[in-house]
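Below is one structure, written out as structure tokens; the observations come after it.
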Amino acid sequence: MSYNVVMKAARAISEYLDYLAIEQNRSKKTIANYNHYLTRLLDYAGDITVKDINSDLVRKWRLWLHELGSDRSDELSKSTQNYHLIALRNFLKFCHKRDIEALSPDQIELAHVKRSQVTFLDSDELKQLLKQPNTNEIAGIRDRAILELLFSSGLRVSELVNLDIAHINLERREFMVRGKGQKDRPIFVSQESADWLKIYLDKRTDNLPALFISYSGRHQTATTGNYRRLTPRSIQRMIARYALLAGITKHVSPHTMRHSFATDLLMNGADLRSVQEMLGHSNIATTQIYTHITDPHLKSVHERFHAKNN
């Protein structure tokens with residue numbers, strides 16, 4: 001392909017989506033999201049070339065997105081608008097690699113988004129939450145194992161529900177998981193978590209591969225083959241129910257457990273880069289959402305241990 005090729009945006013976007021699937025091995029969900037965001041650019045701009053995507057068009061498109069709205073609001077949130085811009089920026093990077101004449105990706109600036117408050121459980125709240133499952137029943141043992149594993153590992157709920165028994169190693173207390181962007185990372189499990197997983201697996205009388213399965217006939221499960229694997233939604237409901245029983249007033253979700261895992265590590269001296277790797281964040285900036293939590297802790301350490309000139 002020669003330098004500075006002028007190409008229709010629709011064709012270039014199609015080639016970019018193929019590139020994500022074949023060369024980048026991105027998930028179907030990611031590709032569908034990028035297709036959705038970039039199609040919205042074509043919905044606004046029409047039958048244009050990549051060269052036509054200039055700073056003025058991007059500015060007008062951003063205004064259009066701002067007023068577009070969703071089924072929950074009259075306007076798209078700043079975060080959702082940024083997803084569109086990130087998709088465009090990555091698409092423009094692809095165009096430059098393929099020598100397609102295009103706007104510099106550096107010209108795409110994201111909207112400033114107020115950093116959301118991270119919710120995490122303190123040690124007392126965590127203890128109360130872990131006490132709630134009825135461990136006289138296998139479903140309660142399963143739930144206790146889920147809570148322990150989420151806090152011990154920092155797994156995303158989507159990663160947790162896709163685990164099979166064959167994936168985990170309770171002797172070594174570690175295993176690999178494939179997270180966002182089809183990236184593998186090691187998961188480490190506490191002894192407490194491993195013990196509860198062993199109790200749960202010892203109680204199982206089936207030969208099903210899924211690590212966490214349903215013991216009810218409700219529609220909150222997804223059928224895969226001849227067994228039913230718990231869904232993210234079913235685990236969200238379970239955790240919310242136990243939080244209510246524990247008297248925890250804040251909203252508690254599987255991601256709260258992930259936040260609690262990261263916060264616990266940082267409060268006990270782990271460095272940010274290590275936490276980034278254990279969470280599977282591709283960018284350190286994502287992990288930095290926790291720094292405002294640990295800052296007060298660092299201040300108290302400074303006040304307690306720094307030499308005073310008295």
Side-chain angles (χ1 to χ4, degrees), residues 1-70 75-113 115-116 156 158-159 162 176-185 272-273 276-277 279-289:
M1 187 175 286
S2 61
Y3 287 97
N4 296 325
V5 172
V6 176
M7 183 182 290
K8 287 286 189 180
R11 178 187 163 192
I13 289 171
S14 178
E15 291 188 4
Y16 174 57
L17 296 175
D18 289 342
Y19 164 79
L20 290 178
I22 298 168
E23 297 183 41
Q24 294 293 301
N25 195 29
R26 304 300 293 271
S27 69
K28 289 182 179 179
K29 183 177 180 181
T30 297
I31 295 167
N33 286 338
Y34 270 63
N35 183 38
H36 174 67
Y37 301 139
L38 294 172
T39 297
R40 275 189 166 162
L41 176 61
L42 298 180
D43 289 343
Y44 169 75
D47 185 23
I48 58 172
T49 66
V50 175
K51 183 181 178 182
D52 293 327
I53 305 173
N54 55 34
S55 297
D56 187 54
L57 185 142
V58 172
R59 181 182 62 80
K60 291 176 180 176
W61 182 51
R62 292 181 70 158
L63 289 171
W64 183 78
L65 285 173
H66 178 73
E67 298 171 356
L68 187 60
S70 68
E75 295 178 353
L76 287 186
S77 69
K78 291 289 189 212
S79 295
T80 303
Q81 292 175 46
N82 277 347
Y83 293 147
H84 290 72
L85 296 170
I86 290 168
L88 174 58
R89 187 163 63 187
N90 290 335
F91 166 65
L92 293 174
K93 288 179 182 177
F94 164 81
C95 290
H96 277 266
K97 285 182 181 178
R98 297 298 173 93
D99 298 318
I100 300 169
E101 190 167 353
L103 180 71
S104 170
D106 297 337
Q107 297 294 310
I108 308 299
E109 294 185 12
L110 303 185
H112 176 72
V113 178
R115 186 165 58 183
S116 58
R156 298 179 178 94
S158 59
E159 297 165 345
N162 285 317
M176 298 297 292
V177 69
R178 179 156 293 178
K180 286 187 175 179
Q182 300 297 297
K183 295 179 181 177
D184 294 332
R185 75 177 190 279
L272 204 61
R273 286 287 181 186
Q276 176 194 359
E277 290 185 26
L279 290 174
H281 288 161
S282 58
N283 194 322
I284 190 69
T286 309
T287 319
Q288 288 172 337
I289 63 171

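The basis for the numbers below is simple: all heavy atoms, side chains too, and nothing from hydrogens, waters or symmetry mates. Keep in mind that what you see is a predicted model, and the values were worked out from it rather than measured.
- When all heavy atoms of L92 and S104 are compared, the pair lying nearest together is CD1-O, 4.5 Å.
- Annotation: the span from E23 atom CD to F94 atom CZ amounts to 7.5 Å, rounded to 0.5 Å.
- At least one side-chain heavy atom of H66 sits less than 4.5 Å from a side-chain heavy atom of Q81.
- A side-chain N or O of D52 and one of T49 form a donor-acceptor pair less than 3.5 Å apart.
- Annotation: the span from N90 atom CG to Y19 atom OH amounts to 9.5 Å, rounded to 0.5 Å.
- If you take CG on L65 and CD on E67, they are separated by 10.0 Å, rounding to the nearest 0.5 Å.
- Using bins of under 30°, 30° to 60° and over 60° for the plane-to-plane angle, the ring pair H84/W61 lands in the perpendicular bin.
- Tested against R185, the residues R178, E277, E159 include a single side-chain contact (heavy atoms from CB on, under 4.5 Å) partner, E159.
- Atom CD of E109 is separated from atom CZ of R89 by 9.5 Å, given to the nearest 0.5 angstrom.
- Taking all atoms of both residues into account, the shortest heavy-atom contact from T30 to S27 is OG1-OG, 2.9 Å.
- When L38, T39, D18 are each tested for a side-chain contact (heavy atoms from CB on, under 4.5 Å) with I13, only one passes: L38.
- Taking every heavy atom of both residues into account, L17 and I31 meet most closely at CD2-O, 3.9 Å.
- Ion pairing between a basic and an acidic side chain is recognised when a charged N comes within 4.0 Å of a carboxylate O; D56 and R59 show such pairing.
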Mind running side-chain contact (heavy atoms from CB on, under 4.5 Å) on Y34 and I86 for me, showing each step along the way?
CA-CA 9 Å; Y34 270 63; I86 290 168; 4.1 Å; yes

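- Using a cut-off of 4.0 Å between Lys/Arg side-chain N and Asp/Glu carboxylate O, E15 and R11 are scored as salt-bridged.
- One finds the CD atom of Q107 at 11.5 Å from the CG atom of L88 (value rounded to the nearest 0.5 Å).
- Atom OH of Y44 has more than 12 heavy atoms from other residues, nucleotides or ligands within 6.0 Å.
- Checking V50, L41, L20, I108 one by one against F91, the side-chain contact (heavy atoms from CB on, under 4.5 Å) holds for a single residue, V50.
- A distance of 9.0 Å separates CD of E101 from NE2 of H96, quoted to the nearest 0.5 Å.
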